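Below is one structure, written out as C-alpha cells; the observations come after it.
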Amino acid sequence: MPELPEVETVRKALEKNIIGHRVIDVDIILPKIVKSNELKEKLINHTFTQIKRRGKWLLIMLDNGILLSHLRMEGKYYYKPSNEEILKHEHVIIYLDNNMSLRYVDTRQFGLMHWFDTIEDVDLYLSERLGNEPWDIKVTDLYHKIHKRTVPIKNILLDQKLVSGIGNIYADEILFISKISPLRPANQITIKELTKLVNSSSEVLQKAIELGGTTIRNFESEMGQTGHYQNKLLVHTKEGLPCLNCNNRIVKIKVGGRGTYYCPDCQK
DNA sequence: AACGAAACCTGCGCGC
DNA sequence: TGCGCGCAGGTTTCGT
C-alpha cells in the first residue's frame with residue numbers, strides 16, 4: 001500500500017478509529033517486524049493521542065511516546081473486533097479498551113515498527129532518512145544536490161533522502177506530466193525542468209491524497225486503504241496503450257530495478 | 001561518494 | 001497439473 005498518499009489515507013483512518021483509546025494488550029506474533037524490544041510494555045495501558053505522517057512513515061503517538069511504523073511494500077492496518085480469529089499475515093495485534101483491535105498485516109513481512117520515547121528522538125531518526133516533501137522543496141537546493149549525479153532522474157525522485165513520499169507509481173506519473181524521460185541523467189536536468197518536476201510532484205501527490213490514494217492489483221480494502229487515483233493514472237500500468245498526448249504506445253522498461261512506464265515520444 | 005545489484009519475503013500469473 | 005520464472009506501491013546493505 002504505500003506511497004505518501006496511501007500512507008496519508010491510512011493516517012486519517014487511524015485518526016478516526018483509535019484516537020482516545022487505551023491499549024489493554026499487545027500480541028507480537030512476528031517479532032522481526034518490531035525493532036524495539038520494549039514495544040509491548042510501552043504500549044500497554046497507554047492512550048493514542050494523535051497520528052502524524054512524515055514521508056511514508058506513520059507516527060502513531062501515545063501519551064508516553066511514539067510508535068513509528070513503515071508499511072514498506074504491503075503493510076496494512078486492520079481495525080476489527082478483538083475476538084475475531086487471528087489470520088495468517090496478521091503480525092502485530094494491539095487490543096484496545098473498546099473490544100476492538102488494531103492489526104498490522106503484511107504478507108511480505110517487509111514493514112517495521114520502532115518505539116521512541118520522544119518526538120525529538122523520532123526527528124533524529126527520520127532526519128537521517130528523509131528529505132522534504134515535494135511542497136517544501138526548494139528547487140535550487142535540490143538542484144545543487146543532484147546536478148552532478150549521473151543516475152536516471154527517476155532514481156532521484158525515488159530517493160527519500162532527496163524528496164520524501166514519492167514511490168514507483170507516482171514517479172512515473174510525475175515524469176509523464178513533466179514530459180521528462182525517466183532515463184534522463186540527473187545532471188542533464190535543467191533548473192526549469194526541475195521546477196516542473198517539483199511542482200508536478202506536489203500536484204500529483206496532493207490530488208492523490210484528495211482521492212484517497214491509488215489501489216491497484218486487487219489489494220484488499222481495509223482502514224480506508226482503497227483509493228480512486230488509479231482511475232487518474234496516465235502511464236503507470238498502461239503498457240501498450242496509446243499515450244494520451246500523442247497516441248503512440250506507452251512502453252514498459254526497467255529503471256533502477258523498478259518497472260517503469262513512459263511515453264518515449266512525449267518524454268525527452 | 002556514488003552506483004548497481006542483491007537482499008529481505010510471500011503470492012500470483014504466465015509459459016512450458 | 002506442476003514447476004520455474006518473473007514480478008509486485010520499499011528500503012537497506014553489500015560489493016565495486
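Because the structure is a prediction, the values reported are computed rather than measured. A, B, ... follow the sequence lines: proteins, then strands. Residue 1 opens every chain.
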Q: Output yes when A:K12 and A:E15 qualify as a salt bridge under the 4.0 Å nitrogen-oxygen rule, no when they do not.
A: no
Q: Examine C:dA8: is either OP1 or OP2 under 4.0 Å from a nitrogen or oxygen in the side chain of A:K254? Give yes or no.
A: yes
**Q.** d(CG, A:D159; C1', B:dG4) in whole Å
**A.** 14 Å
Q) Taking for each residue the nucleotide of DNA chain C bearing the nearest heavy atom, is the 5' side occupied by A:Q160 or by A:R108? A) A:R108
Q: Send over the distance from A:E128 CD to C:dT13 P, rounded to a whole Å.
A: 12 Å
Q.
Does a side-chain N or O of A:H89 approach OP1 or OP2 of B:dC9 to a distance below 4.0 Å, or not?
A. no
**Q.** N/O (side chain, A:T215) to phosphate O (OP1/OP2, C:dG9) under 4.0 Å
**A.** no
Q: May I ask you to check whether A:N98 and A:H21 show a side-chain donor-acceptor distance below 3.5 Å?
A: yes
Q | Atom P, compared across B:dA6 and C:dC5: separation rounded to whole Å | A | 15 Å
Q. Given C:dC7, C:dT12, C:dG10, which nucleotide is nearest the side-chain atoms of A:R129?
A. C:dT12
(Q) Rounding to an integer number of angstrom, what distance separates C:dC14 and B:dC9 when you compare their P atoms? (A) 14 Å
Q.
Does any part of the side chain of A:P81, heavy atoms only, come nearer than 4.5 Å to the side chain of A:M100, both counted from C-beta?
A. yes
Q.
Students often mix this up, so state it plainly: with edges at 30° and 60°, are the rings of A:Y125 and A:W57 parallel, tilted or perpendicular?
A. perpendicular
Q. For the pair made of CD in A:E239 and C1' in C:dA8, what is the distance, rounded to whole Å?
A. 15 Å
(Q) Strictly below 4.0 Å, N to O, side chains only: are A:E90 and A:K80 in salt-bridge contact? (A) yes
Q | Residues A:E193 and A:K196 bridged, charged N to O under 4.0 Å | A | no
Q: Consider the side chain of A:E74, meaning its heavy atoms from C-beta on, and name the nucleotide among C:dG10, C:dA8, B:dG11 that approaches it most closely.
A: C:dA8
Q: Please report, rounded to the nearest Å, how far the C1' atom of B:dA1 is from the NZ atom of A:K161.
A: 14 Å
Q | Selection from B:dC3, B:dC9, C:dG9 that lies nearest to any side-chain heavy atom of A:K32 | A | B:dC9
Q | Distance in angstrom units between A:M73 CE and B:dC12 C1', rounded | A | 14 Å
Q. At under 4.0 Å between heavy atoms, what does A:G259 touch on the DNA or RNA strands: base, sugar-phosphate, or nothing?
A. sugar-phosphate
Q: From the options A:L197, A:L183, A:V255, select the one residue that forms a side-chain contact (heavy atoms from CB on, under 4.5 Å) with A:I153.
A: A:L197
Q) Where does DNA chain C pair, written as one dot-bracket string 5' to 3', with Watson-Crick or G-U pairs under 3.5 Å, ( ) inside the strand, [ ] for crossing pairs and | for another strand? A) .|||||||.|||||||
Q. How would you label the contact of A:K148 with the nucleic acid (heavy atoms, under 4.0 Å): base, sugar-phosphate, or nothing?
A. nothing
Q) side-chain contact (heavy atoms from CB on, under 4.5 Å) with A:L62: which of A:V23, A:N45, A:I18? A) A:V23
Q | Below 4.0 Å: OP1/OP2 of B:dA2 and any side-chain N or O of A:R149 | A | no
(Q) If I take atom CG in residue A:N168 and atom C1' in nucleotide C:dA8, what distance separates them, rounded to the nearest angstrom? (A) 9 Å
Q.
Measure NZ/A:K154 against P/C:dG9 and give the value in whole Å, please.
A. 8 Å
Q: Respond yes when some side-chain nitrogen or oxygen of A:K252 is under 4.0 Å from OP1 or OP2 of C:dA8, and no when none is.
A: yes
Q: Ignoring backbone atoms, test whether A:H236 places a side-chain nitrogen or oxygen under 4.0 Å from the OP1 or OP2 oxygen of C:dG9.
A: yes
Q. So, is A:K56 near the phosphate of C:dG10, with a side-chain N or O under 4.0 Å from OP1 or OP2?
A. yes
Q | Atom-pair distance (NE2 on A:H144; P on B:dA1), nearest Å | A | 14 Å
**Q.** Pairwise C1' distance, C:dG9 and B:dC3 [rounded to whole Å]
**A.** 24 Å
Q. Does the ring of A:F110 meet both stacking tests against the six-membered base ring of B:dC8: centre distance under 5.5 Å and plane angle under 30°?
A. yes
Q. Should the ring pair A:H89 and A:H91 be called parallel, tilted or perpendicular, given that the plane angle runs from 0 to 90° and is split at 30 and 60?
A. perpendicular
